[in-house]
Amino acid sequence: MSEDRAMTIFERSRAGRRAFTFSENERPSGNLDDLIPRNLLREQPADLPEVAEPEIVRHYTALSKKNFHLDLGFYPLGSCTMKHNPKLHERIAALPGNARLHPLQAPDRSQGALELMWRLQGALGEIAGLPHVSLQPSAGSHGESAGLMLTRAYHESRGEARTEVLTPDTAHGTNPATVTTVGFKLVKVATDRDGGVDLDDLRSKVGPETACLMLTNPNTLGLFDSNIEEISRIVHDVGATLYYDGANLNAIVGVCRPGDMGFDIVHFNLHKTFTQPHGGGGPGAGPIAVSDRIEPFLPRPLVVRSDDGTGDAPRFDLDFDRPRSIGRLRGFQGNYGVFVRTYAYIRSLGAEGLREMSETAVLNANYLMARLRELGVDHLLPAAYERICMHEFVLSGAPMKRELGISTLDLAKRLLDFGYHPPTIYFPLLVDEALLVEPTETETRETLDEFAETIASILTEAADDSSVAREAPHTTPVRRLDEATAARRPIIRQQPREGVADERMGRA
Ligand SMILES: *Cc1c(COP(=O)(O)O)cnc(C)c1O
């Protein structure tokens, strides 16, 4: 049985075996060359496994059991907001009008989809406190690059060519990466003793060269920077823009708004805050909301509504007539399925529900942090900052490593044996042996209790015998992986089968 499960689907293949066969009258008649241009036709059939439907089902079910996912267990991966994805959204996204709409369909034949996008723009604008929204960016990091391109367009429109973008030293890796990719010079700002932006350091680093400060609030330490109004003043006084990395929006929806804090540009991670399933490399979306002064430069087209005042139903359209726009950021209009799920989520929770979502996320994080302290693990895994946290918090595994001889990595690997996805580890970089824990609002108190007790039991076990954690995981389909080689020399291609490889290489 176990040997059988290790077989690849290519090894199961038997010539001529099929899952499904089209009946005669479903097949196109005539010559294939008349249907598809000759230069696009394969010379040889694709090298696909030939298997029956039950084998396909078993193959994918077996793969899904090797993987860890949110529908299987608790996933407190800080910064990433792995919350439950309501199944209702899948039904709505699968409605034929949503799932089968062709991206090239003309606007007057896709009024419903455009209306949904227009309404979503409005809802996101309200949540951000910034009225103008583009749904185009496909991820948070894509929103960041859009934001810096907008910043450059804004400064150029005023005859300025500013070269520097500031990020705090706690920033997520995509922030400095975006700064460099878009062609700005990166300037790092220090963190003060309370975990916020060091104001004196910020004052000493801003100037006429500063294009933008990119910030997330609450920041990646899970702490709300209450100096945000002063930060905004410092940045705006030198004529720069203030960019909000919205990955931590889950902490504040309906409670406060980035626009009110003074931010000019905000991105959303719809796959984090707004329940688009993520983590497997599938589609996400990183819409942006901006202030009036940035609006002229937004990507085109924008989804607009026109009401001619005749009492006829309003019309929705794509507005390409935006001469100062930075242009298009992607093909078509964005990851529409993500918009459907987000819109379903916002409408099913409503304004009150969204606020409750954030309040519960913050409550759950503080509860879990307090529970760990109550279990007496804080001398080994102390909170990096002794403050009320927002939706996530950072622990330091440095004392644990010193006293028990197990590292944060060992603890993370041992958690896998208990059916948990580990928290984010070794980020933020400025905390030694960091664990960044984000429970999210969709977990029960019992789950949080069990998780805290599991951590306590792993520490007790390590005091007795540290090798169990150092050699973990013990129960997963694969043990410790060589992550450096996996990242540096990834094997991303199935090795061609013998014979087939030879044929493809033109060998007999
Ligand atoms: C996830 C994340 C990003 C990047 O967002 P993607 O959608 O993954 O591109 C940026 N900043 C922070 C703090 C994040 O957690």
Side-chain angles (χ1 to χ4, degrees), residues 70 75-83 85 124 128 134-149 165-182 186 188-189 191 195-197 212-225 242-253 258 263 265-289 329-330 334-335 338-339 341-342 361 365 389-394 421 423-431 434-440:
L70 199 50
Y75 206 141
L77 189 67
S79 209
C80 294
T81 309
M82 305 301 291
K83 60 165 78 176
N85 310 127
L124 293 175
S134 166
L135 299 177
Q136 273 192 32
S138 306
S141 41
H142 199 196
E144 291 170 25
S145 57
L148 289 192
M149 287 159 75
V165 174
L166 278 52
T167 68
D169 54 8
T170 50
H172 188 268
T174 53
N175 295 182
T178 300
V179 173
T180 310
T181 316
V182 178
L186 177 69
K188 290 217 171 184
V189 184
T191 296
V197 171
C212 177
L213 170 66
M214 300 181 86
L215 212 60
T216 174
N217 196 20
N219 63 19
T220 59
L221 297 165
L223 303 172
F224 191 87
D225 199 322
L242 190 56
Y243 182 90
Y244 186 83
D245 173 341
N248 293 326
L249 202 69
N250 212 51
I252 62 159
V253 178
F263 286 91
I265 308 166
V266 169
H267 83 242
F268 303 83
N269 302 67
L270 300 189
H271 43 290
K272 296 182 180 173
T273 320
F274 296 95
T275 75
Q276 162 70 19
H278 73 132
I288 47 173
L329 295 177
R330 51 161 297 138
N335 285 329
V338 186
F339 304 155
R341 292 183 186 90
T342 299
C389 68
M390 296 296 286
H391 64 308
E392 58 189 355
F393 58 92
V394 183
H421 193 288
T424 296
I425 57 173
Y426 300 104
F427 176 79
L429 303 175
L430 81 171
V431 174
L435 274 117
L436 174 57
V437 190
E438 179 179 2
T440 81

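The chain is numbered in sequence order, starting from 1. Atoms within each ligand, like the ligands themselves, are counted from 1 in listed order. All figures in this text were calculated on a predicted structure; none of them were measured in a lab. Reckoned from all heavy atoms, side chains included, excluding hydrogens, waters and symmetry mates.
Remark: distances from the non-hydrogen atoms of His278 to ligand 1 are all 4.0 Å or more. Ligand 1 has Lys272 within reach: a non-hydrogen atom of the residue lies less than 4.0 Å from it. Residue-ligand proximity: Asp245 is placed with a non-hydrogen atom under 4.0 Å from ligand 1.
From Thr167, atom OG1 reaches atom CG of Asp245 across 10.5 Å, with rounding to the nearest 0.5 Å. Between Leu242 atom CG and Asn217 atom CG the span is 9.5 Å, to the nearest 0.5 Å.
The shortest N or O to N or O distance between Ser141 and ligand 1 is below 3.5 Å. For Thr220, no nitrogen or oxygen atom sits less than 3.5 Å from a nitrogen or oxygen atom of ligand 1, counting backbone and side chain alike. Of the N or O atoms in Asn269, one or more lie within a sub-3.5 Å distance of an N or O in ligand 1.
Between the side chains of Glu438 and Thr81, at least one donor N or O sits under 3.5 Å from an acceptor N or O.
Checking side-chain atoms of His278 against main-chain N and O of His271 turns up a donor-acceptor pair under 3.5 Å. Tyr243 contributes no side-chain N or O that, together with a main-chain N or O of Leu148, makes up a donor-acceptor pair within less than 3.5 Å. No donor-acceptor pair under 3.5 Å is formed between the side chain of Asn250 and the backbone N or O of Thr440. With hydrogens and angles ignored, the 3.5 Å screen pairs no side-chain donor or acceptor of Gln276 with any backbone N or O of Arg341. At least one donor-acceptor pair closer than 3.5 Å links the side chain of Asn248 to the backbone N or O of Pro218.
The single protein non-hydrogen atom nearest to atom 6 (P) of ligand 1 is Gly140 N, 3.5 Å, given as residue, atom name and distance.
Per-residue contacts place Glu144 under 4.0 angstrom from the following atoms of ligand 1 (heavy atoms of the residue considered): 10 (C). Of all the atoms in ligand 1, the ones that sit under 4.0 Å from a non-hydrogen atom of Ala247 are 2 (C), 11 (N), 12 (C), 13 (C), 14 (C), 15 (O). Numbered from 1 in the order shown, with element, the atoms of ligand 1 that lie under 4.0 Å from a heavy atom of Thr174 read 3 (C), 4 (C), 10 (C), 11 (N).
Of all the heavy atoms of Ser79, the ones lying under 4.0 Å from any atom of ligand 1 are found in both the backbone and the side chain.
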